[in-house]
Amino acid sequence: MNDIYEALKRLAAEPEGRGVLVEITATAGSSPRKAGARMLLLTDGTTAGTVGGGSLEHRAGQDARAVLHSGAPLRKTYSLGAAPGEDIGAICGGSATLDFRVIGPADAAALLAAQPVPPRVLLYGAGHVGKALADALHLLDIPVVVSDAREGLLTPERFPYAERRLAESDSLSMEPQALDRIVIMTHSHALDYDLLRRALRTDAAYIGVMASRRKSALFRERLAEEGVPAEQFDRRVHCPIGLAIGAETPEEIAVSIAAELIAFERIPKA
């Protein structure tokens with residue numbers, strides 16, 4: 001989701017860097033991505049982001065390389081099977097208009113300043129599911145910070161792509177930004193509860209706790225006894241965490257949690 005953000009950061013730090021920013025500016029009918037989707041082509045041939053994959057992205061990549069060579073901006077409409085534009089052999093049934101422009105470090109810095117920092121997942125618990133979830137989030141380009149008191153689990157080999165924070169079990173740091181997602185799955189029910197209590201005092205956008213339905217009900221009841229309204233728990237806490245897909249293994253549970261995080265971001269709230 002956020003690999004283009006990281007690519008823009010790299011470009012902004014390269015004094016002689018150049019790239020081609022490709023952005024969907026309009027769509028009609030059915031298209032794989034909507035207006036605002038971006039892809040960045042760098043001079044080494046690597047790309048970040050996506051404008052939809054398949055034949056559209058293949059043709060857009062060819063045109064982006066031509067723009068990088070010529071330096072001239074381009075706007076082009078591609079037919080996706082049932083609309084005017086350059087025919088690219090797609091059968092979606094719509095069209096997509098893309099803008100291409102060469103950008104340098106100053107442009108990349110301006111783009112970064114104009115968009116919010118991508119939300120992170122603050123993951124408390126580095127066990128089997130935590131490891132599988134961190135791997136899944138890396139594939140989704142979602143930044144993750146893993147916290148645990150067990151030093152043997154927080155190794156670079158287990159979490160090569162995540163920021164790691166070793167902390168005492170009774171004082172795990174919790175300083176989320178407003179858009180961050182908190183995911184709690186430690187080795188201790190008591191610690192899970194303590195972290196949930198603290199999470200509810202933050203502005204984190206999402207709070208999820210790995211739990212059985214019985215554990216969820218007990219946490220809800222205990223919080224109510226401490227003055228946290230049940231409706232606040234119901235509104236803010238995803239517990240049990242993850243979509244109901246019948247998951248059993250750590251990897252399957254990680255998929256269910258990652259899917260819920262995607263749904264939380266993509267599906268409008270009622």
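- For Gln62, the CD atom counts as densely surrounded, since its 6.0 Å shell holds more than 12 non-hydrogen atoms of other residues, nucleotides or ligands.
- Under the 6.0 Å distance and 45° angle rule, Arg222 counts as a cation-pi partner of Tyr193.
- A distance-only check finds a donor-acceptor pair linking the side chain of Glu260 to the backbone of Gly242 [under 3.5 Å].
- One hydrophobic cluster, built from ILVMFWY side chains closer than 4.5 Å, holds both Val228 and Leu191.
- Rounding to the nearest 0.5 Å gives a distance of 10.0 Å between CZ of Arg18 and CG of Leu41.
- Considering CD1 of Ile182 and CG of Leu123, their distance stands at 11.5 Å, rounded to 0.5 Å.
- Both Leu137 and Phe264 are part of a single hydrophobic cluster, where members link through side-chain heavy atoms under 4.5 Å apart.
- Residue pairs meeting the side chain to side chain donor-acceptor pair (under 3.5 Å) criterion with at least one partner in residues 40-54, sequence neighbours excluded, are Asp44-Thr46, Thr50-Glu57.
- Put simply, the side chain of Ser70 gets close to the backbone of Ala66: a donor and an acceptor are under 3.5 Å apart.
- Leu195 and Val145 fall within a single hydrophobic cluster, where Ile, Leu, Val, Met, Phe, Trp and Tyr side chains are chained together by heavy-atom contacts under 4.5 Å.
- The number of heavy-atom neighbours closer than 6.0 Å to CZ of Arg197, taken from other residues, nucleotides and ligands shown, is above 12.
- Although no hydrogens or angles enter the test, the distance criterion places no donor-acceptor pair under 3.5 Å between the side chain of Arg164 and the main chain of Val146.
- Asp141 and Tyr161 share no donor-acceptor pair across their side chains, judged by distance under 3.5 Å alone.
- Taking all atoms of both residues into account, the shortest heavy-atom contact from Pro15 to Ala13 is CD-O, 3.4 Å.
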Derivation and outcome, salt bridge (charged side-chain N to carboxylate O under 4.0 Å, His left out), residues Lys215 and Asp192: CA-CA 10 Å; Lys215 177 177 174 179; Asp192 284 350; 2.7 Å; yes
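- Counting non-hydrogen atoms of other residues, nucleotides and ligands closer than 6.0 Å to CD of Glu226 gives a total above 12.
- Among residues two or more places apart in sequence or in another chain, the side chain to side chain donor-acceptor pair (under 3.5 Å) test is passed with Glu221 by none.
- Asp234 has a carboxylate O that lies under 4.0 Å from a charged side-chain N of Arg220, or vice versa, which qualifies the two as a salt bridge.
- The aromatic rings of His238 and Tyr206 lie parallel to each other, with less than 30° between the two planes, well short of the 60° mark.
- When all heavy atoms are compared, the tightest approach of Gly17 to Pro105 is O-CD, 3.3 Å.
- We find the CG-CD distance between Leu133 and Glu251 to be 11.5 Å, quoted to the nearest 0.5 Å.
- Placement of Leu8 and Leu42 within a single hydrophobic cluster is found when ILVMFWY residues are connected by side-chain heavy-atom separations under 4.5 Å, directly or transitively.
- Here the side chain of Ser31 pairs no donor or acceptor atom with the backbone of Lys34 at under 3.5 angstrom.
- Judged by distance alone, the side chain of Arg158 and the main-chain N or O of Leu153 form a donor-acceptor pair under 3.5 Å.
- In terms of heavy-atom proximity, Ala35 sits nearest to Ala26 at CB-N, 4.3 Å.
- Across Cys239 and Phe233, no two heavy atoms sit closer than the pair CB-CZ, 4.2 Å.
- Between the CG atom in Leu140 and the CG atom in Asp135 there is a gap of 11.0 Å [rounded to 0.5 Å].
- Minimum heavy-atom separation, Arg181 to Ala205: NH1-CB, 3.6 Å.
- Summarising the geometry, atom CD1 belonging to Ile253 is positioned 8.0 Å from atom CE belonging to Met185; distances are rounded to the nearest 0.5 Å.
- Just one of Ile4, Leu21, Leu11 meets the side-chain contact (heavy atoms from CB on, under 4.5 Å) condition when paired with Leu111; it is Leu21.
- If you take CD1 on Ile184 and CZ on Arg198, they are separated by 9.0 Å, rounding to the nearest 0.5 Å.
- Both Leu68 and Leu98 are part of a single hydrophobic cluster, where members link through side-chain heavy atoms under 4.5 Å apart.
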